[in-house]
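Computed from heavy atoms alone, side chains included, the values below leave out hydrogens, waters and symmetry copies. Atoms within each ligand, like the ligands themselves, are counted from 1 in listed order.
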Amino acid sequence: MASRPDWHFRSFGPLSPEARTAIEDTKKYPMDELVPLEATQKPFDERFRNVAITNDAGATEHFLVQSQLIPKAGWEVLLLTPGEQAWTRAVGTVALTALLLLVVGLIATVVIQRRVQLQERMRAALSMQEELEHRVTQRTAELKEANSLIMQEVEERRAAETLLRQTQTELIQAGKLAALGQMAAALSHEFNQPLAAVKSFARNAGAYLERGEPEKVRQNVGMIDDMVDRLAAISTHLRNFARRPGEKTEPVLLNRALDSAMVILEPKMRASGCSVSHDIGDADIWVLGGQVRLQQVFVNLLSNAVDAMRDIPEPVVDLTVQHDDERVSVNVRDRGTGMTDAEIAQLFDPFFTTKEPGKGMGLGLSISYNIVRDFGGTLEGRNHPDGGAVFSVTLKLAESQTMAAAE
Ligand code: ADP
């Protein structure tokens, strides 16, 4: 049997006589057509054979033969693939395989390239990170070094500042004591004058007592009382002047210090017909200082203002307060004659006074200056553009917690 009609009843090889007889006996096949095909065979590999079949017209065809035995039926089935077709298929298969391999190769190349690129990028990133870390470490070390240098410098500056402060304090103190020494003669005059007066008033009082004139006695004793007050005042000034700076500062009420200073100066103001106009307000203002010392500063400033307006018809002292978040300034302004530049330059020098002998000692502003400076504040004196002098005390505002604690 064959798929091609021209191969029907043709055997693949010469039939043995027994086979021919067996076929003849079946009487099924036309014996004259049982002519073997003109075929030459050679093995191709274990499974295939190459077969060349020459047809009756003499044309030779090449086939690749694959055979399979079907034992139960006793058949051998041969599959003949025309050589050209097999070749084409093989070539096709090879080409396809090659193509596939190429595609796989390409994909593999791309993947590998990607991985290589990725690895390279990772390596680059890693080295960059290492470089960065290295730089950060280096920079940190540099910063640490710079920082420690700065800290060292700060420490040195702090030590130098402390030393400077100490030296300044010592100098001020030494200067004050030296000034006191120099002033010993003037001071003895300051004391001797009232003492001599006291002595003569006492003598007079004794004489009047003997004469039985009690009114005159009372007058002399009153004058002794005034002189003793003056002596006490001088002695208080001196004590304050000799005092070492650096006494404790604490939150104090600015309003209270101003009020009590005005109360103390009340008699003096009344005597000179002087009034005070102020805009202090009712709100409590807490500053860093000492209550009594602060009050002393305002007494000095107000007293000077009253003195400066002795020849003015309607003397008025303007008291104004200005403050920001950290500091408060109290301005004491008078309508007096003001000060010359030379006076302004010496205002705060100890014993500088333009007042008549016996009226001023030239210590008020110097003491006030030191007090305010001890509080961490400033004291300035200048002429007001509209005439008269204005003195400004600037103090540190106390923090609210400290204020509450102080209350
Ligand atoms: P004193 O009042 O004993 O003279 P101060 O130290 O208080 O000492 O003042 C020193 C000097 O500064 C005064 O003698 C005066 O010349 C000047 N002075 C102070 N306050 C005023 C003022 N308000 N107007 C003009 N001059 C002033």
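Distances from atom 3 (O) of ligand 1 to the heavy atoms of Gly362, Ala305, Gly336 put Gly362 nearest. Evaluated by nearest non-hydrogen atom to atom 25 (C) of ligand 1, the leading choice among Gln346, Arg333, Met339 is Met339.
A side-chain donor-acceptor contact under 3.5 Å links Asn255 to the backbone of Ile285. With hydrogens and angles ignored, the 3.5 Å screen pairs a side-chain donor or acceptor of His8 with a backbone N or O of Ala2. A donor-acceptor pair under 3.5 Å is absent between the side-chain atoms of Asn331 and the main chain of Ser392, judged by distance alone. A distance-only check finds a donor-acceptor pair linking the side chain of Asp334 to the backbone of Ala389 [under 3.5 Å]. Of the possible donor and acceptor atoms, none in the side chain of Asp318 sits under 3.5 Å from a partner among the backbone N and O of Arg333.
For atom 18 (N) of ligand 1, the closest heavy atom belonging to the protein is Leu347 CD2, 4.0 Å. At the shortest separation from atom 2 (O) of ligand 1 among protein heavy atoms lies Lys355 NZ, 2.6 Å. Counting protein heavy atoms only, atom 11 (C) of ligand 1 is closest to Phe352 O, 3.8 Å. The protein non-hydrogen atom at the shortest distance from atom 24 (N) of ligand 1 is Ala308 CB, 3.5 Å. When only non-hydrogen protein atoms are considered, atom 5 (P) of ligand 1 lies nearest to Leu365 N, 3.6 Å. Protein heavy atom closest to atom 19 (C) of ligand 1, with residue, atom name and distance, is Asn304 ND2, 3.4 Å.
Salt-bridge check for Glu161 with Arg158: failed, with every basic side-chain N at 4.0 Å or more from each acidic carboxylate O. Classification of Arg335 and Asp386 as a salt-bridged pair fails, no side-chain N sitting under 4.0 Å from a carboxylate O. The residues Lys268 and Asp307 are annotated as salt-bridged, a charged nitrogen and a carboxylate oxygen being separated by less than 4.0 angstrom.
Residue Glu343 places no N or O, backbone or side chain, under 3.5 Å from any N or O of ligand 1.
Across Leu319, Leu254, Ile264, a single residue satisfies side-chain contact (heavy atoms from CB on, under 4.5 Å) together with Phe298, and that is Leu254. Exactly one residue among Val110, Leu118, Val116 makes a side-chain contact (heavy atoms from CB on, under 4.5 Å) with Arg114. That residue is Val110.
Every atom of ligand 1 with a heavy atom of Gly364 under 4.0 Å away is listed here by number and element: 5 (P), 6 (O), 7 (O), 8 (O). Here is the list of ligand 1 atoms found below 4.0 Å of a heavy atom in Asp334: 22 (C), 23 (N), 24 (N). Counting atoms of ligand 1 from 1 in the listed order, those under 4.0 Å from a heavy atom of Thr353 are 1 (P), 4 (O), 14 (O). Here is the list of ligand 1 atoms found below 4.0 Å of a heavy atom in Thr354: 13 (C), 14 (O), 15 (C), 16 (O). Shown in contact with Gly338 at under 4.0 Å from a heavy atom are these atoms of ligand 1, numbered in order with element: 25 (C).
Of all the heavy atoms of Leu363, the ones lying under 4.0 Å from any atom of ligand 1 belong exclusively to the backbone.
At least one heavy atom of Phe391 sits closer than 4.0 Å to an atom of ligand 1. Residue Asn300 places no heavy atom under 4.0 Å from ligand 1.
Counting heavy atoms from C-beta on, the side chains of Phe375 and Arg293 come closer than 4.5 Å.
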